Protein chains: 2
Amino acid sequence: MRVLVIDDDALVSSSLKTILEADPDIQVVAIGNNGFDAIELYKSHRPDIILMDIRMDGMTGIEAAEKIIASDPDAKILFLTTFSDDEYIIKALRLGSKGYILKQRFDSIIPSLKTAYLGQNVYGEEIIGKLPSLLKEDDKAGLENYGLTERELETISHVAEGLSNKEISEIMYLSEGTVRNYISTILEKLELRDRTQLAIFYYKKRG
Amino acid sequence: MRVLVIDDDALVSSSLKTILEADPDIQVVAIGNNGFDAIELYKSHRPDIILMDIRMDGMTGIEAAEKIIASDPDAKILFLTTFSDDEYIIKALRLGSKGYILKQRFDSIIPSLKTAYLGQNVYGEEIIGKLPSLLKEDDKAGLENYGLTERELETISHVAEGLSNKEISEIMYLSEGTVRNYISTILEKLELRDRTQLAIFYYKKRG
DNA sequence: GAAAAAAGGTGACATTTGTCATGATCATTA
DNA sequence: TAATGATCATGACAAATGTCACCTTTTTTC
């Protein structure tokens, strides 16, 4: 089994190589440090399976996986991560990638790799346990704890309706400039960048 | 363990009662034939767990489960179905209900019930195996009938992540101008006005 | 009663976004 | 072969957006 290892922590990736190659069935064909490496090395080496970190600088493992799967729908990718990062689990599953395992469980990496190689899906216990809450829409704590004023909350709901500043100003009987100021303040409070991110934030919280 | 059994096939529900009560730990407190029964009998008997068919006349098991969970968020519900009906699996998972098992496997019903009773989630092998493709289909659902190209769909998902044109262009290896053109085309195809409405559209099509 | 918070405003400014015209390449299809 | 559709690109332009500095007036709160 030819494996491609991608991890932005060189210590981790080289440790993985050592661990994996202790098994006679496994050969690490290359090591990369980011999503771009993953794409290039996959093309040039055509490994049987990719073992990749999710959180990386520049391009996340998920994004790299998207591109790789776009070019080769049969690509097998096993994700590694330090903690089970909720927002990524769904994305990883959506990709149809083979499994998602946690970095802590070093002893489970090799068996998981072999299982994935055989075409089976591998999901850690942690993942399965989290599925319902991930899919459930109630992980919305609400917008109430961000120090937002009444008028700001009102403004947010209009942004989430897809209205422009001008339209919002007409509905709320305000000048367009005031609406812009409100949104600017909201963005700062919520640590967001633009109205699109605000709308997304809103829908992730509420639905 | 006090169980409520709901199945619109009287033969099935009475068979289930017989099978379940062969176990000394289990007591079937009531039997219902539809979703309305489920809600009423849950209120009046307060069983530890409900074993319910998904496909039923009038109200599906899913709908009944929604109402029951709305009134008692801790309600434990285990679904039964003749075949693993894709469209319902996601809905059942979203409810956070305890598991989803297949009717054929009579021998697994009792162990599953006991596991669910202990608060663990129970998913049949078939379900786990289908998750990726289910989520994937769920992903494309809704966006498919608008004549969007692959690259356009890819672009949409990035917009829905809250990325700017510049960021999208870097990820997709495109010029910023191309991304703008893509989005412009997408907006026209979907009859939307700006990227915020696009993100909202995206999130309304799924969770 | 003073201070703070909320509500509302203006004008200027840089950036982002969306549109349009126009062109190129490549693969598929009629 | 010709036509189409998907892909990718430019440059120019107008409109929308977000930020900043700086105001006023009420309402709450200390």
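Source: prediction; values computed, not measured. By convention in this document, chain letters (A, B, ...) are assigned in the order of the sequence lines, proteins followed by strands, and residues within each chain are numbered from 1. FYI, side chains are in, hydrogens and waters are out, and symmetry mates aren't considered; it's all heavy atoms of this structure.
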Participant: Name all residues meeting the salt bridge (charged side-chain N to carboxylate O under 4.0 Å, His left out) criterion together with A:E176; count only those two or more places apart in sequence or in a different chain, and write none if there are none.
Facilitator: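 Per chain and number, A:E176 pairs via salt bridge (charged side-chain N to carboxylate O under 4.0 Å, His left out) with A:R180.
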Participant: To the nearest angstrom, how far is A:D194 atom CG from C:dG18 atom C1'?
Facilitator: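 Taking atom C1' of C:dG18 as the reference, CG of A:D194 is at 14 Å.
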Participant: Pairs in or reaching into residues 35-46 of chain A: which pass salt bridge (charged side-chain N to carboxylate O under 4.0 Å, His left out), with residues at least two apart or in two chains?
Facilitator: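 Qualifying pairs, neighbours excluded: A:R46-A:D72.
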Participant: Under 4.0 Å from a heavy atom of chain A: give me the 5'-most and 3'-most nucleotides of DNA chain D that qualify.
Facilitator: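 Going 5' to 3' along DNA chain D, contacts run D:dT17 to D:dC20.
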Participant: Can you tell me how far P of C:dG18 sits from CG of B:N165, to the nearest Å?
Facilitator: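 Checked: the CG to P distance equals 6 Å.
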Participant: Can you measure B:L198 atom CG to C:dT16 atom P for me and round it to whole angstrom units?
Facilitator: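 Atom-to-atom, B:L198 to C:dT16, this comes out as 19 Å.
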Participant: With A:T185, which residues qualify under side chain to side chain contact (heavy atoms under 4.5 Å, CB included), at least two apart?
Facilitator: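 Once residues adjacent in sequence are excluded, the partners of A:T185 under the side chain to side chain contact (heavy atoms under 4.5 Å, CB included) criterion are A:E152, A:K189.
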Participant: Just jot down the side chain to side chain contact (heavy atoms under 4.5 Å, CB included) partners of B:D48, sequence neighbours excluded, or say none.
Facilitator: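 Once residues adjacent in sequence are excluded, the partners of B:D48 under the side chain to side chain contact (heavy atoms under 4.5 Å, CB included) criterion are B:M1, B:R2, B:Y117.
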Participant: Please determine whether side chain to side chain donor-acceptor pair (under 3.5 Å) holds for the pair A:T18 and A:S15, giving the CA-CA distance in whole Å, both sets of side-chain angles, and the decisive distance to 0.1 Å.
Facilitator: CA-CA 5 Å; A:T18 309; A:S15 304; over 6 Å; no
Participant: Given atom CG of A:L148 and atom C1' of C:dA6, what is their separation to the nearest angstrom?
Facilitator: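 Checked: the CG to C1' distance equals 13 Å.
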Participant: Could you tell me which residues satisfy side chain to side chain contact (heavy atoms under 4.5 Å, CB included) with A:R151, sequence neighbours excluded, listed by chain and number?
Facilitator: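 Here the qualifying residues are A:T149, A:E154, A:M172, A:L174, A:Y182.
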Participant: Starting at atom CZ of A:R193, determine the distance to atom P of C:dT15, rounded to an integer number of angstrom.
Facilitator: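 These atoms are roughly 15 Å apart.
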Participant: What residues form a side chain to side chain contact (heavy atoms under 4.5 Å, CB included) with B:Y173, not counting sequence neighbours?
Facilitator: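 Applying side chain to side chain contact (heavy atoms under 4.5 Å, CB included) to B:Y173 gives A:F36, A:I39, A:M59, A:K67.
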Participant: Looking across every strand, which nucleic acid part, if any, lies under 4.0 Å from B:E152 by heavy atom: base, sugar-phosphate, or nothing?
Facilitator: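 The residue B:E152 makes no contact with any strand.
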Participant: Report the residues that fulfil salt bridge (charged side-chain N to carboxylate O under 4.0 Å, His left out) with B:D74, sequence neighbours left out, ordered by chain and then residue number.
Facilitator: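 For B:D74 there are no salt bridge (charged side-chain N to carboxylate O under 4.0 Å, His left out) partners, ignoring immediate neighbours.
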Participant: Could you tell me how far apart B:E150 (CD) and C:dA27 (C1') are, to the nearest whole angstrom?
Facilitator: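 Going from B:E150 (CD) to C:dA27 (C1'), I get 15 Å.
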Participant: In whole angstrom, give the distance that lies between atom NZ of A:K166 and atom P of C:dT17.
Facilitator: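 For the pair A:K166 NZ and C:dT17 P, the rounded distance is 22 Å.
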Participant: In terms of the nearest nucleotide of DNA chain D, which residue is placed more toward the 5' end: B:K189 or A:T196?
Facilitator: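 Checking each residue's closest nucleotide, the 5'-ward one belongs to B:K189.
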Participant: May I ask you to list the residues of residues 168-182 of chain A, by number, that have any heavy atom positioned under 4.0 Å from an atom of DNA chain D?
Facilitator: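 Correct list: A:R180, A:N181.
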Participant: Test of understanding: with side-chain hydrogen bond (donor to acceptor under 3.5 Å, both in side chains), list the residues that count as partners of A:T196, not counting sequence neighbours.
Facilitator: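 Per chain and number, A:T196 pairs via side-chain hydrogen bond (donor to acceptor under 3.5 Å, both in side chains) with B:T196.
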Participant: Within this structure, what is the CD1-CD1 distance for the pair B:I77 and B:I49, rounded to the nearest 0.5 Å?
Facilitator: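 Rounded to the nearest 0.5 Å, the CD1-CD1 separation comes out at 9.0 Å.
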Participant: Could you list the residues that satisfy salt bridge (charged side-chain N to carboxylate O under 4.0 Å, His left out) with B:E63, not counting sequence neighbours?
Facilitator: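 Residues passing salt bridge (charged side-chain N to carboxylate O under 4.0 Å, His left out) with B:E63: none at all.
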Participant: Between the two ends of the helix from C:dG1-D:dC30 to C:dA30-D:dT1, what is the bend in degrees, rounded to 10 degrees, where each end axis spans five pairs?
Facilitator: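 The angle separating the two end axes equals 40°.
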